[in-house]
Chemist: 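Sharing a structure with you now.
These numbers come from a predicted model, not from an experiment.
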Amino acid sequence: MGDSNAPHHNYKMFKCFNRKFKASEAGPPPDVKAVFAEYAQGGDRMSVDQFRSFLVEHQGESALTISDAHTILHQFTTRHPGEAAQHKKHAGGLSLEDFFHFLFLEEFNAPIRSQVHHDMNAPVSHYFIYTGHNSYLTGNQLSSDSSDVPIIKALQKGVKVIELDLWPNSAKDDVQVYHGRTLTAPVTLIKCLTSIKEHAFDKSPYPVVITFEDHLTPKLQAKVAELVIKTFGDTLYYPEAEDQMVEFPSPESLKKRIIISTKPPKESSGSKSSKGKGSGRSSSEESGSDQDGDAINSANAAEAKSYQQSAPEYKRLITIRAGKPSGELKDALAVGDKVRRLSLSEGKLEKVAEDHGTDVVRFTQKNILRVYPKGTRFNSSNYEPHVGWMHGAQMVAFNMQGKDKYNWLMHGMFKANGGCGYLKKPDFLMCKGPKGEVFDPKNALKVKKTLKVKIYMGNGWHLDFSRTHFDSFSPPDFYTKVYIVGVPADCRKFKTKIIEDDWIPVWDEEFAFPMTVPELAILRLEVREYDRSEKDDFGGQTCLPVSELRPGIRAVPLYDKKGEKYKSVRLLIRFHFE
């Protein structure tokens, strides 16, 4: 395997004397030629008026004015003077080659919108929120270092819920962040808080929630309160009244604010005298005798004493009060007057969804449900997020340092709504019938719409990869895998034919995906390079929320396994809804 970041000039050098590595110049696919001919009305150039008609009618840009079309063409010719030479020669017109090149540019022809467009004025419980799990870990759950670096990376990607495990240091006079009862090395709490302050709003101005898993004495809780107030100042939001909230505030009203979510000291399950590494009371929502977190720690006789010793300042700062079920799960899902957050492991959610799915949906209409990975995921892998989303769970917590396909799906889902980290839940999850009935995820539903995905071609690998990256002796043999991932009834997968020995593969194949719940569907694309003797090589991937797809012919950029966008690699695809 070669270097995926090889400079372009190396490729050009090889291209001169070795034809077998040359990237053939693929012309526009038949559909692109046909669309150009239609809107150019048979001419060899497309006027600004005709270009606007194409964008409005074919690409669904209904609000576009003639002035907007002029601006787009001006930007295209300014930013891409070489490629748009034809447009310069023929003022007011695009040649077929220019038109083809325009379609391949993500900056003008992206597959999804880049603006925030959901209503952001509903209570926070009405949104799916981009949520991290053990956000401070650099790698696996057992022995990796704790650091503020993964926290910064997560915030820069748009993650809006950061989880910190709080433990006393050995001298019991300071607070550290690490994964308790493991070999993970600690990082100081103040370092994590400072980094959150500096990067909380790098991606969007909507609120950042810090969830504390705290294993502290009342004295150290008071220290945490002091550090939080000192670090965040007026950025920190907490309710004016000490009473528990009856409704959460909206993301809009909490712009540029930090909020704290943890289990109030009153509900602690330990005491100052409890033994163990984190001597003090524990508010852990993920502790338990088995590694799925299924065992429930009930409150003991030390509860009242622990509450009396706890810091009132600390309790006061908690906006989203959390808890773990202690008793029957169905009872834990009861909806009361006051709003709260409940945490369930992925395994426990699956169990409760099996028998009490509608109770979960009803609970999440007003309260917040956080789902976290089971304790056996030592390698920081993840799980199918749709079980949580189908039941209205707002915080489906993921190990963001993972490179698994579930992480790709999570990143893809939260590209929606301008990547701001908050997605308004679909109406069907929030509705109630005349008798209080809610959406039942088990019910069979009718097909709502069908998405047709036509994969024309791909380009850019010869610019982003060395000539021998995929094959030492010939150009690559690419194919594309196409998936819809969503509710079980909607999941389907296809793959294109393999195009042999071509850096610019042309597939020109269409696939249809009927969907019952398109609001939760994600289109997953993965390009592989066929290898006869070994495992097929990875050639890029992307996940796109179906609810955000823009119809028409679009440029779809691909990403590496870590979720970093390739500089040049992209697919040309048509999306059509029926």
Chemist: With side-chain hydrogen bond (donor to acceptor under 3.5 Å, both in side chains) as the test, would you mind laying out the steps for Lys425 and Ser125 before giving the verdict?
Modeler: CA-CA 9 Å; Lys425 292 201 280 187; Ser125 54; over 6 Å; no
Chemist: Run the salt-bridge test on Arg528 and Glu526 with the 4.0 Å N-O cut-off and return the result as yes or no.
Modeler: yes
Chemist: Please determine whether salt bridge (charged side-chain N to carboxylate O under 4.0 Å, His left out) holds for the pair Glu578 and Lys452, giving the CA-CA distance in whole Å, both sets of side-chain angles, and the decisive distance to 0.1 Å.
Modeler: CA-CA 8 Å; Glu578 291 181 350; Lys452 289 189 173 177; 3.1 Å; yes
Chemist: Do Val438 and Gln365 touch side chain to side chain, with heavy atoms closer than 4.5 Å?
Modeler: yes
Chemist: Any idea which heavy atoms bring Thr364 and His391 closest together, and the distance?
Modeler: OG1-O, 3.0 Å
Chemist: Looking at Lys481, I'd like to know if its NZ atom is crowded, meaning that more than 12 non-hydrogen atoms belonging to other residues, nucleotides or ligands lie closer than 6.0 Å.
Modeler: yes
Chemist: Please report the closest heavy-atom contact between Pro239 and Met245, naming both atoms and the distance.
Modeler: CG-CE, 3.5 Å
Chemist: Output yes when Glu213 and Lys263 qualify as a salt bridge under the 4.0 Å nitrogen-oxygen rule, no when they do not.
Modeler: no
Chemist: Please check this pair: side chain of Asn407 against backbone of Asn382, looking for a donor-acceptor N/O pair closer than 3.5 Å.
Modeler: no
Chemist: Test the Arg524-Tyr483 pair against the cation-pi criterion, namely NZ or CZ under 6.0 angstrom from the six-membered ring centroid and within 45° of the ring axis.
Modeler: yes
Chemist: Just by modelled atom types, is the Ile129 backbone N or O under 3.5 Å from a matching donor or acceptor in the Thr131 side chain?
Modeler: yes
Chemist: Assess Lys160 against Tyr130: is NZ or CZ under 6.0 Å from the centre of the six-membered ring, and within 45 degrees of the ring's axis?
Modeler: no
Chemist: Is there a side-chain contact between Val224 and Leu166, using heavy atoms and a 4.5 Å cut-off?
Modeler: yes
Chemist: Would you compute the distance between atom CG of Leu342 and atom CE of Met395 and round it to the nearest 0.5 angstrom?
Modeler: 12.0 Å
Chemist: What residues, two or more places apart in sequence or in another chain, satisfy salt bridge (Lys or Arg N to Asp or Glu O under 4.0 Å) together with Lys448?
Modeler: Glu519
Chemist: For the side chain of Gln141 and the backbone of Arg377, is there at least one donor-acceptor N/O pair under 3.5 Å apart?
Modeler: no
Chemist: If only atom types and distance count, is the side chain of Asn417 paired as donor or acceptor with the main-chain N or O of Gly419 below 3.5 Å?
Modeler: no
Chemist: Classify the ring geometry between Phe128 and Trp389 as parallel (under 30°), tilted (30 to 60°) or perpendicular (over 60°).
Modeler: tilted
Chemist: So which heavy atom on Pro251 is nearest to which on Ala122, and how close?
Modeler: CD-O, 3.2 Å
Chemist: Arg492 versus Pro514: any side-chain heavy-atom pair under 4.5 Å?
Modeler: yes
Chemist: Does the ring center of Phe513 lie less than 6.0 Å from the ring center of Phe494?
Modeler: yes
Chemist: Should Asp174 and Lys223 count as an ion pair when the cut-off is N to O under 4.0 Å?
Modeler: yes
Chemist: Report yes if some heavy atom in the side chain of Tyr383 is under 4.5 Å from a heavy atom in the side chain of Lys374; otherwise report no.
Modeler: no
Chemist: For the pair Asp148 (side chain) and Ser195 (backbone), establish whether a donor and an acceptor sit closer than 3.5 Å, ignoring hydrogens and angles.
Modeler: no
Chemist: Quick one: does Tyr422's side chain have a donor or acceptor within less than 3.5 Å of a partner on Pro207's backbone?
Modeler: yes
Chemist: Keeping the roles fixed (side chain from Ser135, backbone from Pro150), state whether a donor-acceptor pair exists under 3.5 Å.
Modeler: no
Chemist: Taking the side chain as C-beta and beyond, is there a heavy-atom pair between Thr211 and Val161 under 4.5 Å?
Modeler: yes
Chemist: Enter the distance from Ile151:CD1 to Leu137:CG here, rounded to the nearest 0.5 Å.
Modeler: 9.5 Å
Chemist: Sequence neighbours left out, what passes salt bridge (Lys or Arg N to Asp or Glu O under 4.0 Å) with Lys330? Give chain and number order.
Modeler: Asp359
Chemist: Could you pull out the closest heavy-atom pair between Val371 and Ala393, with the gap in Å?
Modeler: CG2-CB, 3.9 Å
Chemist: Closest approach of Asp202 and His199, non-hydrogen atoms and distance?
Modeler: OD2-ND1, 2.7 Å
Chemist: Take Asp490 and Thr516 through the side-chain hydrogen bond (donor to acceptor under 3.5 Å, both in side chains) test and state the conclusion after the steps.
Modeler: CA-CA 6 Å; Asp490 294 350; Thr516 60; 2.8 Å; yes
Chemist: State plainly whether the residues Lys432 and Glu437 are in salt-bridge range, i.e. N to O under 4.0 Å.
Modeler: no
Chemist: Start with the C-alpha gap between Tyr178 and Asp145, add the side-chain angles, then the distance that decides, and say whether side-chain hydrogen bond (donor to acceptor under 3.5 Å, both in side chains) holds.
Modeler: CA-CA 8 Å; Tyr178 64 95; Asp145 288 342; over 6 Å; no
Chemist: Does the side chain of Asp427 reach to within under 4.5 Å of the side chain of Leu429, using non-hydrogen atoms?
Modeler: no
Chemist: Are Tyr372 and Phe398 an aromatic pair, judged by ring center distance below 6.0 Å?
Modeler: no
Chemist: For Cys543, is there any backbone N or O sitting under 3.5 Å from a side-chain donor or acceptor partner on Tyr559?
Modeler: no
Chemist: Main chain of His133, side chain of Glu163: is a donor-acceptor contact present, judged purely on distance under 3.5 Å?
Modeler: no
Chemist: Are the side chain of Lys366 and the backbone N or O of Gly336 linked by a donor-acceptor pair below 3.5 Å?
Modeler: yes
Chemist: Which heavy atom in Arg340 sits nearest to a heavy atom in Ala334, and how many Å separate them?
Modeler: NH2-O, 2.8 Å
Chemist: Quick one: sort the Phe538 and Trp408 rings into parallel, tilted or perpendicular, breaks at 30° and 60°.
Modeler: tilted
Chemist: Rounded to the nearest 0.5 Å, what separates atom CG in Leu236 from atom CD1 in Ile258?
Modeler: 8.0 Å
